[in-house]
Amino acid sequence: MVGRAFGRVNVRRGEESQIREGAESAERPLRRRPTRAATDSARGWRPRRIVGLVLLLPALAFGVLLVMALVYSAVPPPSTLMLARWATLRSVDRQAVPLAAISPHLVQAVIASEDQRFCLHDGVDWGALREVVDDEDGPSRGASTISMQTVKNVFLWPGRSVLRKGLEIPLALGADALWGKRRMMEIYLNVAEWGEGVFGAEAAARRWFGKPARDLTRGEAALLAAVLPNPILRNPALPSRGVRAAAARIQGRMNGVAGLMGCLKR
């Protein structure tokens with residue numbers, strides 16, 4: 001009797017335990033297993049997000065450049081070479097001046113030397129680019145307009161590369177439209193490198209000829225233009241035979257471009 005009674009008690013306790021467990025499980029929220037569609041969607045979200053970020057970076061870069069270009073339409077910009085020198089605690093000699101404070105001879109000389117179609121193109125000389133596109137060395141300095149050189153100096157890095165040249169073209173088109181020819185020339189003559197740590201026409205005129213840029217003679221302007229392709233190794237104050245020959249050729253072309261400078265008038 002006692003054994004049977006004890007057995008019935010155990011059975012009853014077991015039933016009560018099962019009832020309690022059932023009640024507790026009913027109270028707990030049901031955990032739904034993710035469906036295959038949800039899992040596939042989560043897996044696909046990551047690549048889409050990465051692609052979205054990759055596409056967003058050029059848009060952000062374009063926005064930053066646009067803001068900088070708008071600021072530089074009123075503020076004298078530094079060049080990337082100047083920024084690099086400041087970052088490495090090296091000296092920079094540059095005094096920004098308006099175009100009116102620079103000798104017209106220097107303006108005429110750089111156009112004769114660097115970009116005789118400056119007033120005729122929209123920032124890119126497409127004809128010159130087509131002429132050199134089949135060159136095994138790629139686009140040369142002869143295809144680089146003053147507008148392209150300016151955006152390279154202000155926004156990009158030195159050295160030759162297909163990537164940099166590809167970026168120069170849209171930047172030159174945009175900056176030429178935004179700044180206009182007069183402002184473009186003014187920025188170019190204030191950021192061009194004319195020696196170790198020497199930037200801009202004013203600093204160059206004072207360093208090499210001991211005078212302000214507005215007082216440069218025709219011959220001095222031609223010498224400054226002649227050293228632009230390699231301003232570190234060429235000295236306009238002590239010109240080599242090659243620099244003197246290049247300056248003479250530039251002076252010979254200066255009269256020919258005088259009538260092509262109408263875009264620089266106020």
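These values consider heavy atoms only, across backbone and side chains, with no hydrogens, waters or symmetry-generated copies. For clarity, every value in this text was computed on a predicted model and none was experimentally measured.
- Checking side-chain atoms of R183 against main-chain N and O of Y72 turns up a donor-acceptor pair under 3.5 Å.
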Give every donor-acceptor pair under 3.5 Å between a side-chain atom in residues 219-230 and any protein atom, sequence neighbours left out.
residue : atom : partner : partner atom : Å
E220    : OE1  : K211    : NZ           : 3.1
E220    : OE1  : T217    : N            : 3.0
E220    : OE1  : T217    : OG1          : 3.3
E220    : OE2  : K211    : NZ           : 3.2

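- Other members of the cluster containing I250 are M254, with ILVMFWY side chains joined at under 4.5 Å, either directly or via other members.
- Of all the heavy atoms in D176 and K181, the pair that sits closest is OD1-NZ, 3.0 Å.
- Enclosure of atom CZ in R214 is not indicated, since only 12 or fewer non-hydrogen atoms of other residues, nucleotides or ligands lie within 6.0 angstrom.
- Side-chain N or O atoms of T145 include none that pairs as donor or acceptor with a backbone N or O of D115 at under 3.5 Å.
- Counting side-chain heavy-atom gaps under 4.5 Å among Ile, Leu, Val, Met, Phe, Trp and Tyr, V162 is found in no cluster with other residues.
- Using a 4.5 Å cut-off between side-chain heavy atoms of Ile, Leu, Val, Met, Phe, Trp and Tyr, with links allowed through other members, M184 and L120 fall into different hydrophobic clusters.
- Without hydrogens or angle criteria, W194 side chain to R207 main chain gives no donor-acceptor distance under 3.5 Å.
- Taking 4.0 Å as the cut-off between side-chain N and carboxylate O, R182 and E186 do not count as a salt-bridged pair.
- Placement of L178 and L167 within a single hydrophobic cluster is found when ILVMFWY residues are connected by side-chain heavy-atom separations under 4.5 Å, directly or transitively.
- Shortest non-hydrogen contact noted between A203 and F199 is CB-O, 3.5 Å.
- Taken from NZ in K152 to OH in Y188, the straight-line distance is 8.5 Å, to the nearest 0.5 Å.
- Minimum heavy-atom separation, A172 to G123: CB-O, 3.7 Å.
- Under the 4.5 Å side-chain heavy-atom criterion for grouping Ile, Leu, Val, Met, Phe, Trp and Tyr, L83 is not connected to W157 through any hydrophobic cluster.
- L233 and V243 fall into different hydrophobic clusters, where Ile, Leu, Val, Met, Phe, Trp and Tyr are joined by side-chain heavy atoms under 4.5 Å apart, directly or via other members.
- Here CG of L156 is found 12.0 Å from OG of S79. Values are rounded to the nearest 0.5 Å.
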